[in-house]
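Reading through the structure tokens given below for one structure.
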Amino acid sequence: MPKTFFITTAIDYTNGAPHIGHAYEKILADAIARYQRLSGREVFYLTGVDQHGQKVQQSAQQRGIEPAEFVDGITELFLALWKKLDLKYDAWAATTSDVHKSCVQAILQRLWDEGKFYKASQSGYYSVRQEQFLTDKERGPDGEFGEEWGEVVLIEEENYYFKLAESRQWLLDLIDTRTRSANPIVIPEFRVAELRNAVEKLSGDLCISRPKSRLTWGIELPFDSDFVTYVWFDALVNYISFAGYNATPGADLTDFQAKWPAVHVIGKDILIPPHGIYWPIMLHSLGFTDDQIPALLVHGWWNIAGTKMSKSLGNIVDPSALAEKYGCAALRYYLLSDIATGRDADFSNDRLVQRYNTDLANSLGNLLNRTLNMAKRYRAGALRRMDSPLADFTTEKAATYKKQMAAFQLQSALESVMEIVTRCNAYVEETAPWKLAKDPEQADKLDEVLYTLSEALRIVSILMTPIIPNEADAIRAQLNWTGPVSMEQSTWGLLPDGHVLGEPVPLFPRIEATPAESGA
RNA sequence: GCCAGGGUAGCUCAGCGGUAGAGCAGGGGACUCAUAAGCCCUUGGUCGGGAGUUCGAUUCUCCCCUCUGGCACCA
């Protein structure tokens with residue numbers, strides 16, 4: 001049995017509403033997951049929310065409500081957005097759920113029993129807002145801690161630490177081995193060097209606890225009820241706790257291992273240190289073998305007019321409003337086609353509208369519409385199965401698409417699809433079916449043209465399925481293709497002789513820009 | 001300061017030893033099946049600057065400028 005394709009996203013922190021970056025990551029993972037399903041693989045797509053921690057506790061306090069209540073409210077926002085963006089995930093990782101908590105505790109207990117943790121005391125300046133101890137390098141030019149740290153207090157406290165530094169050499173070797181074996185631990189590959197540098201400089205261990213006097217909204221350490229665990233042994237563990245991992249030594253891991261390892265889709269901001277350093281070492285300590293260390297697909301950011309999106313600049317882009325205004329398909333297509341996986345891109349409303357109008361409305365939507373109209377007008381919608389001059393071209397582009405999708409280069413894959421569409425539109429002009437229709441001698445040629453266009457559209461609809469699933473369905477509905485939908489059906493010539501097409505209904509209506517809104 | 005990634009047509013980017021390409025935007029044209037969509041033609045670039053290697057460099061090497069990340073240091 002082929003292994004399940006396991007893909008995750010970062011889990012989002014429930015301290016604020018989702019923005020376009022959250023949406024991009026989930027849509028990217030969704031499209032990859034959908035492609036794998038289309039290719040016949042069993043898929044396990046896991047996404048969710050990170051609900052514990054001090055900031056949540058504080059935000060709840062400020063509103064005078066319980067953290068659980070506060071978290072539920074924000075979680076709803078994410079769930080509603082994912083529904084609106086048509087995400088199809090197989091499991092939902094909410095870190096306050098019992099299955100997660102007990103898994104985290106089992107892991108902590110096991111590592112404690114195996115001597116991977118120790119208790120130590122640290123004293124110094126602590127930023128309440130940032131939940132971290134500050135060192136002199138955090139001081140401003142005036143020697144004081146800046147406002148960005150909020151309230152800074154001098155404290156001394158005991159905490160538990162995870163022995164991280166002793167795995168430094170192991171991780172370096174792993175990075176090198178995996179890079180050489182063409183199974184790099186980080187994609188795109190240029191980020192491997194960045195990670196390697198960071199690992200080389202690794203010194204010191206990882207603090208994994210917070211005393212309950214400061215933080216109660218977390219998972220209690222099973223071996224010391226005065227503490228809760230700090231973010232990493234909570235949030236990162238979601239990747240295995242929701243996949244059926246059992247930390248008990250000797251437990252049956254058959255189901256878990258049918259899925260593992262995952263591909264973790266993450267933003268470039270959380271590669272170093274959490275996903276690139278802490279997570280592999282955590283897994284290593286739990287006895288995961290080297291080839292069970294997951295790969296990291298690191299994506300870039302959507303900037304706004306060349307600058308970072310940030311609350312203080314007030315340039316946050318709300319994906320929910322965009323989907324509302326332009327539709328889910330326009331947003332998904334834009335976010336997946338206008339950025340090279342791993343790199344940054346500039347977000348703009350104008351560009352979104354332009355990509356939608358040019359590619360989806362003018363090229364694809366119009367091709368579908370003109371094809372069905374001609375077939376209806378000249379042949380009452382009925383096709384004859386004919387040989388086609390575009391069969392090889394389409395097959396070739398579909399093969400390129402497959403290669404690019406498998407390599408997570410969605411923008412290149414989409415280019416190949418649009419090349420089929422563009423070729424078809426040119427083919428219509430070359431053959432001029434409206435002229436062929438007037439000449440009974442040309443009946444065969446006309447049938448060839450109509451079959452070619454319909455068949456190409458059927459294949460295009462399959463290739464577009466991971467990107468814009470609903471609209472891909474709509475294309476097939478108009479083509480009246482009720483056969484199975486998978487990559488296997490993307491081979492040329494499956495529309496049978498005598499097939500009758502459906503009614504043409506304009507798909508992807510053009511978005512007309514209103515001058516007042518055409519700004520950014 | 002160190003490591004990495006960029007700097008190519010108005011915009012977004014591809015190419016990465018044989019004197020430049022795509023899409024979009026701009027200009028012109030022929031057509032009419034179609035969502036005033038589509039098709040054809042076309043205007044745009046001394047490929048960040050300088051030096052070197054080479055018969056030949058956008059493509060390799062070195063230096064510099066500049067942008068983006070990360071790390072470090074000073075204060």
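Each chain gets a letter, A, B and so on, in the order the sequences are listed, and its residues count up from 1. These numbers come from the heavy atoms of this one structure, side chains and all, not from hydrogens, waters or symmetry mates.
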Euclidean distance, atom [atom1] of residue [X] to atom [atom2] of [N] [Å, nearest integer]:
{"X": "A:E503", "N": "B:C33", "atom1": "CD", "atom2": "P", "result": "18 Å"}
{"X": "A:Q411", "N": "B:A14", "atom1": "CD", "atom2": "P", "result": "9 Å"}
{"X": "A:E415", "N": "B:U12", "atom1": "CD", "atom2": "C1'", "result": "11 Å"}
{"X": "A:R370", "N": "B:C39", "atom1": "CZ", "atom2": "C1'", "result": "8 Å"}
{"X": "A:L453", "N": "B:A34", "atom1": "CG", "atom2": "C1'", "result": "12 Å"}
{"X": "A:E430", "N": "B:C31", "atom1": "CD", "atom2": "P", "result": "18 Å"}
{"X": "A:D359", "N": "B:G38", "atom1": "CG", "atom2": "P", "result": "10 Å"}
{"X": "A:E200", "N": "B:A4", "atom1": "CD", "atom2": "C1'", "result": "14 Å"}

From C-beta outward on [X], which listed nucleotide comes closest to its side chain: [options]?
{"X": "A:N373", "options": "B:G38, B:U12, B:C33", "result": "B:C33"}
{"X": "A:W434", "options": "B:A34, B:U32, B:G38", "result": "B:U32"}
{"X": "A:K268", "options": "B:C24, B:C39, B:U68", "result": "B:U68"}
{"X": "A:Q354", "options": "B:A25, B:U32, B:G38", "result": "B:A25"}
{"X": "A:N366", "options": "B:A37, B:C31, B:C39", "result": "B:A37"}

According to the Watson-Crick and G-U wobble definitions, with both distances under 3.5 Å, which nucleotide is paired to [N]?
{"N": "B:A57", "result": "none"}
{"N": "B:A9", "result": "none"}
{"N": "B:G45", "result": "none"}
{"N": "B:G1", "result": "B:C71"}

Sugar-phosphate only, base, or nothing, as touched by [X] at under 4.0 Å among non-hydrogen atoms:
{"X": "A:A426", "value": "sugar-phosphate"}
{"X": "A:N369", "value": "base"}
{"X": "A:R377", "value": "sugar-phosphate"}
{"X": "A:Y378", "value": "sugar-phosphate"}

Quote, to the nearest angstrom, the [atom1] distance that separates [N] from [M].
{"N": "B:C41", "M": "B:A22", "atom1": "P", "answer": "11 Å"}
{"N": "B:C63", "M": "B:C24", "atom1": "C1'", "answer": "37 Å"}
{"N": "B:U66", "M": "B:G28", "atom1": "P", "answer": "43 Å"}
{"N": "B:C3", "M": "B:C64", "atom1": "P", "answer": "12 Å"}
{"N": "B:U59", "M": "B:A20", "atom1": "P", "answer": "14 Å"}
{"N": "B:A72", "M": "B:G1", "atom1": "C1'", "answer": "8 Å"}
{"N": "B:G7", "M": "B:U61", "atom1": "P", "answer": "15 Å"}
{"N": "B:G44", "M": "B:C65", "atom1": "P", "answer": "35 Å"}

Audit row: A:W232, A:F162, ring-ring contact (aromatic ring centres under 6.0 Å, His included) steps and yes/no: CA-CA 11 Å; A:W232 309 122; A:F162 173 47; over 10 Å; no
Heavy-atom side-chain contact between A:D497 and A:R384 under 4.5 Å: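 Sidechains of A:R384 and A:D497: in contact.
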Close side-chain approach of A:V428 to A:M374, heavy-atom, < 4.5 Å: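 Result yes, sub-4.5 Å side-chain heavy-atom pair found.
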For the student: nearest non-hydrogen atoms of A:L479 and A:L457, plus distance: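 So the two residues come closest at CD1-C, 3.9 Å.
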Nearest heavy-atom neighbours spanning A:N480 and A:G502: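 Result for this residue pair: CB-N, 3.8 Å.
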5' priority, RNA chain B, between A:L367 and A:K201 [closest heavy atom]: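 Its nucleotide being nearer the 5' end, the pick is A:L367.
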A:T371 vs A:T422, nearer the 5' end of RNA chain B by closest nucleotide: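 The residue closer to the strand's 5' end, by nearest nucleotide, is A:T371.
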Chi-based syn or anti call at B:G44, which uses purine or pyrimidine torsion atoms and a 90° bound: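 Syn.
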Name of the residue among A:Y24, A:F347, A:Y326 meeting ring pair (Phe, Tyr, Trp, His ring centres under 6.0 Å) with A:Y334: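 Going through the options one by one, the only one that passes is A:F347.
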N/O (side chain, A:R510) to phosphate O (OP1/OP2, B:A37) under 4.0 Å: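 A:R510 to B:A37 OP1/OP2: side-chain N or O found under 4.0 Å.
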Phosphate OP1/OP2 of B:G38: any A:N362 side-chain N/O under 4.0 Å: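 Affirmative; the distance criterion is met.
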Side-chain donor-acceptor pair present, A:N159, A:Y230, cut-off under 3.5 Å: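 A:N159 vs A:Y230: no donor-acceptor pair found between side chains.
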Reported CD-to-NZ distance for the pair A:Q409 and A:K403, which is rounded to 0.5 angstrom: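 Here the rounded value is 11.5 Å.
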